[in-house]
Every structure is written in structure tokens, then in C-alpha cells.
Amino acid sequence: MRNSSGPVQPLPRLVTTSQVGGRPDVLRRADTLHRLAHELWCVAETPPTHLQRAVLLQNHLSPGQQPLRLTSVTALQLLGLPVPRGHAWANSLLRGRRPPHAELLARHLESVVHLSWSGARAHSRFPEVRIRKSLDLPTVLGPWLAPLVDPVEALVVAADMMAGWAITAALDALLSRGAVPRAVDPFHRSLLEGTRASQRFVPVTYTPDLVRDLLEQLPPTARAVRAVRAALSRTAPNTWSPMETLVRLIVVAAGFAEQEMNVEVRTPYGTRYLDLGWPERMVAMEFNGQVHNTNHAAYKDEMHRLEVLRDLGWSLRVLVYEDLADARRRAA
């Protein structure tokens with residue numbers, strides 16, 4: 001099933017301790033003030049999300065016309081691309097490389113802000129902010145008009161924390177999503193100003209060839225570049241979720257014939273999609289995630305959908321997470 005993201009909430013207002021006055025221990029007790037970093041706060045009814053915090057810190061640390069850009073897992077999350085973590089059994093099963101810094105991923109997803117600089121070197125006094133030199137791929141826009149590095153660059157920077165199959169899942173999502181607004185010129189703040197701002201960005205839809213072209217602009221022997229290039233070779237069209245990627249890779253590793261992802265089937269009740277299948281044989285696999293355990297209405301809808309498909313002659317194998325993670329159930 002294709003993922004969809006909800007509406008973007010307004011960005012809270014950033015203030016400093018000196019602007020609002022008072023001691024930090026007093027400010028922490030204010031209902032509408034939330035600490036972002038040392039001497040930095042935001043004004044909001046509820047605490048900011050990690051991604052709101054990232055954009056606020058980016059704005060604070062980028063006073064000039066050439067701002068810092070968000071990168072690594074921060075940029076991937078802002079673009080709505082999956083960054084799967086855990087599932088160590090999957091990496092072992094698929095004989096993927098062990099990411100050198102896998103143990104950092106959970107903390108970096110939840111609390112670390114990743115920024116990159118071009119031109120003048122930048123530093124941060126905040127321990128939860130990481131700033132690195134950009135690889136100088138183009139700029140794309142994220143929520144709140146936040147400038148981000150190109151998603152391919154973000155993925156290369158994050159690759160040492162991600163398993164190979166997880167990189168493939170992120171690429172599958174990138175290749176299946178809609179267009180991303182990309183700056184036509186080297187990015188600076190004036191691109192966002194004036195009535196012609198929309199003309200300074202072009203919608204770009206990512207294809208395997210475009211990703212390969214972008215990787216060609218990076219050091220070819222770099223470990224992370226090689227990891228992303230290898231992951232790209234394992235992508236497939238119309239793969240809409242990380243678990244669809246994982247199921248497909250396990251099926252391929254088991255030696256099954258080439259499959260089609262999200263097979264479209266027309267039924268008396270409308271168009272339905274099967275996660276993975278062999279249409280010429282009318283055989284398919286479906287992965288049922290957590291929502292079917294926690295949402296009774298979704299479970300009932302899913303059961304009806306499967307019965308309709310079986311009535312049309314489809315042979316379906318329905319999988320849950322344990323069917324993948326448990327070796328005995330996987331073999332069955």
C-alpha cells in the first residue's frame with residue numbers, strides 16, 4: 001500500500017533566552033515555551049517534533065544568504081522517505097554488509113540534526129547538531145521551505161548507519177514518489193523571495209538513471225557511494241513500503257521467478273493492488289502489517305478484499321512479520 005503523509009503543521013516561532021527574559025529553570029516551567037537547545041526556545045502550544053526542531057535550528061544557524069542545508073537521515077525524514085532500523089535478522093539473511101555505524105541510527109533519527117555547508121565552513125556549539133561539508137549535489141525543498149541536500153546525497157551521508165536492504169527501501173520509495181522541487185541554480189535565500197520564486201525551482205522525478213547520474217558526481221570508490229550504488233541495483237518499480245522491499249528481496253534471495261510489485265487487479269468493488277505477484281499465474285503474496293492487528297475495521301476490510309480476489313481466481317499467500325523473521329516459518 002502506498003504511504004501518504006499528513007498535512008504539515010505550522011513551524012513554531014524561535015526565541016532566545018535573552019529575548020524572553022528569565023532564567024532557564026523558570027522558562028522550562030512555561031506552558032508554551034519548549035527548549036530546542038542551549039538558550040534557544042520555541043513558542044508553541046505543544047512541544048515541537050524532531051523535524052520542526054531541525055528546521056528551526058537550521059534557520060538559526062544560517063543567518064546569511066547561503067544557508068546550511070539539512071542532510072543525512074534528517075533530510076530523508078523531511079522528504080518522507082523511510083529509514084528502516086532494526087531487523088538485524090534481515091541483513092544476515094540477505095547477506096548484506098554490516099553498516100559500520102548501525103548502532104547510531106536510532107539516536108540520530110530521533111534527536112540529532114544533520115546539516116551541511118558549502119563555501120564558508122560552518123560550526124555548531126550544539127552537541128546535538130552535526131555539520132559536515134556538502135557533497136555539492138543540487139538543493140531540493142522540504143517542508144517549511146527548508147533547503148535540503150539532494151536525496152541521493154542525503155542517502156550517501158546516511159549509508160554508514162543503514163543496512164543494505166534499508167538503503168534499497170529508501171531508494172524504492174524515492175523512485176515511486178512524485179516530483180521533488182529542485183533549485184535550478186546554486187541555492188541562496190533570494191531564490192525564495194519575490195513573485196518569481198516558483199520559477200527558480202523545477203519539479204524533478206527520480207529515475208534509476210537520474211540516481212546513477214548523481215552518484216557519478218561523487219567519489220566512485222567511497223564506501224557509502226558503493227553501498228548506495230549496490231542498493232540501487234536491487235530496486236524495483238512500484239514498491240511503496242519498506243516491508244514490500246524486504247519481502248521482495250527475501251523472495252528474490254529464495255530463487256523465485258521475477259515478480260511484479262503492486263499488481264493492479266480490477267474487481268467488482270473497485271481496483272485493488274497486490275503487494276507482490278506473478279499475474280500470468282494469478283499467484284500473489286500479501287504482507288499484513290501492524291495496522292491489521294490494531295485496527296479492527298482495517299482487518300475486516302482486508303479480509304473482504306482477500307476473499308474477493310480469491311473468488312476471482314487468485315492464489316494468495318498472506319504473510320505477517322513473524323513469517324519473515326522466524327526461519328522455520330519462512331521455510332514453510
Side-chain angles (χ1 to χ4, degrees), residues 71-77 79-106 108-109 114 116 132 134-138 140 149-177 180 204-262 275-276 324-325 330:
T71 186
S72 189
V73 295
T74 313
L76 295 175
Q77 290 179 98
L79 288 169
L81 299 177
V83 186
R85 57 181 172 176
H87 316 295
W89 60 268
N91 206 41
S92 176
L93 173 67
L94 297 171
R95 299 181 179 179
R97 66 163 197 145
R98 187 183 187 281
H101 304 300
E103 73 283 356
L104 300 178
L105 182 57
H108 283 237
L109 283 170
H114 290 267
S116 69
R132 58 172 291 138
S134 172
L135 300 175
D136 291 327
L137 292 187
V140 302
V149 302
D150 186 276
V152 173
E153 177 173 337
L155 197 52
V156 166
V157 176
D160 276 352
M161 295 186 287
M162 298 174 64
W165 79 267
I167 300 174
T168 298
L171 286 167
D172 274 336
L174 177 63
L175 297 172
S176 297
R177 65 168 294 156
V180 178
V204 173
T205 300
Y206 285 78
T207 64
D209 285 343
L210 175 56
V211 174
R212 275 189 284 270
D213 288 344
L214 290 165
L215 288 172
E216 286 296 321
Q217 301 176 41
L218 304 178
T221 60
R223 179 176 59 201
V225 174
R226 287 188 282 113
V228 175
R229 187 181 295 113
L232 178 64
S233 70
R234 297 189 291 269
T235 58
N238 299 321
T239 306
W240 298 339
S241 76
M243 293 312 297
E244 288 179 8
T245 295
L246 184 53
V247 171
R248 187 191 77 239
L249 293 176
I250 291 173
V251 167
V252 170
F256 284 85
E258 184 176 354
Q259 71 292 309
E260 182 179 327
M261 300 301 298
N262 283 291
D275 290 344
L276 178 154
L324 303 178
R330 196 167 57 240

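The main-chain N or O of Ser116 is never found under 3.5 Å from a side-chain atom of Arg132 such that the two would form a donor-acceptor pair. Remark: side-chain polar atoms of Thr74 are paired, donor with acceptor, to backbone N or O of His114 under 3.5 angstrom. Side chain of Arg177 to backbone of Leu79: a donor-acceptor contact under 3.5 angstrom is found. At distances below 3.5 Å, at least one donor-acceptor pair connects side-chain atoms of Asn262 with backbone N or O atoms of Asn238. Formation of a donor-acceptor pair under 3.5 Å by the Thr235 side chain with backbone atoms of Ala231 is not found in this model. Under the 3.5 Å distance criterion, the side-chain polar atoms of Asp172 are left unmatched by any main-chain donor or acceptor of Ser241.
Expressed to the nearest 0.5 Å, how far CE of Met243 lies from CG of Asp275 amounts to 10.5 Å. For the atom pair CG (Leu105) and CG (Asp160), the distance works out to 11.5 Å, reported to the nearest 0.5 Å. A distance of 5.5 Å separates CG of Leu232 from CZ of Arg212, quoted to the nearest 0.5 Å. The structure places CZ of Arg223 at 7.0 Å from CZ of Arg97, a figure rounded to the nearest 0.5 Å. Annotation: the span from Leu171 atom CG to Arg229 atom CZ amounts to 12.0 Å, rounded to 0.5 Å. Here Ile167 contributes atom CD1 and Leu76 contributes atom CG; the two are 10.0 Å apart, rounded to the nearest 0.5 Å.
For Glu103, the CD atom is densely surrounded, since the number of other residues' heavy atoms within 6.0 Å is greater than 12.
A heavy-atom distance below 4.5 Å is not found between the side chains of Arg234 and Val252. Taking the side chain as every heavy atom from C-beta outward, Met161 and Ser72 approach each other to under 4.5 Å. In this structure the side chain of Leu276 never reaches within 4.5 angstrom of the side chain of Glu244, judged on heavy atoms. Under the 4.5 Å side-chain criterion, counting only non-hydrogen atoms from C-beta, Pro220 is not in contact with Val225. Between Thr71 and Ser134, every side-chain heavy-atom pair lies at or beyond the 4.5 Å cut-off. With a 4.5 Å cut-off on side-chain heavy atoms, Trp165 and Ile250 do not count as touching. Within the 4.5 Å cutoff, no side-chain heavy atoms of Leu137 are placed close to those of Val149. With contacts defined as side-chain heavy-atom distances shorter than 4.5 Å, the pair Pro99/Asn91 qualifies.
Between Val228 and Ala159 the shortest heavy-atom distance is CG2-CB, 4.2 Å. Considering every non-hydrogen atom in both Leu94 and Leu249, the closest pair reads CD2-O, 3.6 Å. In plain terms, the two heavy atoms of Ala170 and Leu81 that are nearest each other are O-CD2, 4.3 Å. Of all heavy-atom pairs between Pro242 and Ala169, the closest is CA-CB, 4.0 Å.
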Asp150 vs Val180, side chain to side chain contact (heavy atoms under 4.5 Å, CB included): CA-CA, chis, key distance, verdict: CA-CA 9 Å; Asp150 186 276; Val180 178; over 6 Å; no
Full working for side chain to side chain contact (heavy atoms under 4.5 Å, CB included) between His87 and Leu324: CA-CA 10 Å; His87 316 295; Leu324 303 178; over 6 Å; no
Side chain to side chain contact (heavy atoms under 4.5 Å, CB included) between Arg248 and Thr168, worked out: CA-CA 11 Å; Arg248 187 191 77 239; Thr168 298; 3.8 Å; yes
Residues Val156, Glu153; criterion side chain to side chain contact (heavy atoms under 4.5 Å, CB included); working and verdict: CA-CA 5 Å; Val156 166; Glu153 177 173 337; 5.7 Å; no
